[in-house]
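Chain letters run A, B, ... following the sequence lines, proteins first and then strands; every chain starts at 1. Just so it is clear, the model here is predicted, and its values are computed rather than measured.
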Amino acid sequence: MDYFLVLFKEYRHSIVAAATIIISLLLLLSVRPGTRSPGFVEDVALDVVGGIQDVIQSPVGVYQDFSKRIVQLQEMDLENQRFRQELKTLRPLGTQVIELEMENQRLRQLLEMSIEPKLRSLGARVVGDTSTAFANVLLINIGRSHGSRINASVLVPEGVVGRVVQAGTSTSLVLTLLDLNSRVPALVQRSRVKGIIAGFNGQSLTMEYVSKDADVRVGDQILTSGIAGSFPKGLVIGTIKEVQEGDIGLFRRLLVQPSVDFDRVEEVRLLIPGQGYQPSERSKPFRTTKAP
Amino acid sequence: MLSSLNTLLPWVSIFIAMVIQETAIPSASWDILRPDMVIIGLFYWRMYRPDLCGPILAFSTGLLLDIISTTPLGLNALSKTVLVLLIGRHGKVFRALDFIVLLPIIAILVIIDETIQWIWIVTTSGYHFRWDILIGRPVATMIVMPLMVRVLIFLHRSWLEAR
């Protein structure tokens, strides 16, 4: 026994080394990877290591949270810049959408206008306002090639705009009611008193040749009479806003507020008379939609 | 009593190194450059205090590593024991060397450790390992070694030599 003890003391290191290597190999050969279930020793080892890990990782965790926060802030900043750029791009797009929506609404109103069956209708866009201090003229984008012709009535849902005075191949010139040279036969809807609507290059119209004893009131609606002109009967021109009594002469002068806002005309409809059409045939008032 | 507790310093320091190595460092960003701090600890203590760092410490540490890292039980124990024996065999030579020369030596030790594990894994489980980690580990160990050795020298002097 003493012999073995001496032997062990003498070769202690070698024996321990060999023993640890042999145990390691035995463990490797006996325990198949992935099949061992955690035992008590492994649970304790993990708990101990896990506990120390928590202590070690607490400052690490704080640092990681801080780092994450910084990264988040950087990302937010980048995102903010990106959104600002997108907003810059989208803002004009939004305006464009609103513009298209309004145009769509106007075109719908134009389409909803009831048109005399014997009249042919053409839609057109106002492409220019060639008005000067002495003329009120609009340029539209349809001409003879599209069917436009001189004296065709030009309308919007609110009422009469004017008439075509010059028809080119692809564009036409519209003389508005406001023009000094514009003359349209008209009548007062309520009392059927007739007269001539004339422009004076202002924002209003006048109704001439109304006799002094005619039954007219402020607020009465003025329609086209369809007599001796290119306009069909019953189109809305405006309303009387003032009755001017003159001391001299047989007639009084009516100041008429046009139903159309000429500054906002963008799309119009042309009425082209068909064969055998008489302007005075129309009996119903034209206006079917309300102005927006 | 206190002096006998001091002799546990290699155990405690290597255990802490193992915990840092296995639990604190291995986040995704450190995956490839993950130093083997246990080998540094074993290298240091086996060189300067071979009486306190023998095969039993290496075996225990390796076994714990196997448990924590879920490698085949006994694999790290075997490789770390072999390493400690190897370091012990050439300890005198290593101690005589300049510190800068120890850096490639530690890298070689890490490669030996990986090779032992690699041979076992390949023969039993097939080629399921990442080359980038295998290459990154010796490099990271070399980078970390000066700092860790500085800490170990401090602990060594203040806890073992001073008393």
Check your understanding: Checking B/L75 against chain A: side chain, backbone, both or neither under 4.5 Å from a heavy atom?
Key -> both

Exercise for review: Decide if atom CD of A/E103 counts as having more than 12 heavy atoms of other residues, nucleotides or ligands within a radius under 6.0 Å.
Suggested key: yes

Check your understanding: For chain A, which residues from residues 43-63 of chain B lie under 4.5 Å away (heavy-atom distances)?
Key -> B/P55, B/I56, B/F59, B/L63

**Study point:** Separation between CH2 of B/W120 and CG of A/L29, rounded to the nearest 0.5 Å
**Key:** 4.0 Å

Review point. With respect to A/S24, which candidate in B/L78, B/D66, B/N76, B/L73 satisfies the side chain to side chain contact (heavy atoms under 4.5 Å, CB included) definition?
Key: B/L78

Check your understanding: Who wins among B/S79, B/G88, B/A77 for the most heavy-atom pairs under 4.5 Å with chain A?
Key -> B/A77

Review point. CD of A/E266: more than 12 outside heavy atoms within 6.0 angstrom?
Key: yes

Check your understanding: Heavy-atom count around B/R150 CZ within 6.0 Å, excluding the residue itself: above 12?
Key -> no

Review point. Counting only heavy atoms not in A/R84, do more than 12 sit closer than 6.0 Å to its CZ atom?
Key: no

Point to revise | A/Q81 atom CD, neighbour heavy-atom count above 12 within 6.0 Å | key: yes

Study note, to complete from the structure: Residues B/P72 and A/L28: closest non-hydrogen pair is CB-CD2, 3.8 Å

**Study point:** Greater than 12 external heavy atoms within 6.0 Å of A/F66's CZ
**Key:** no

Check your understanding: Does CG in A/L78 sit with more than 12 non-hydrogen atoms of other residues, nucleotides or ligands closer than 6.0 Å?
Key -> yes

Exercise for review: Work out which heavy atom in A/A17 is nearest to a heavy atom in B/L85; give both atom names and the distance.
Suggested key: CB-CD2, 3.4 Å

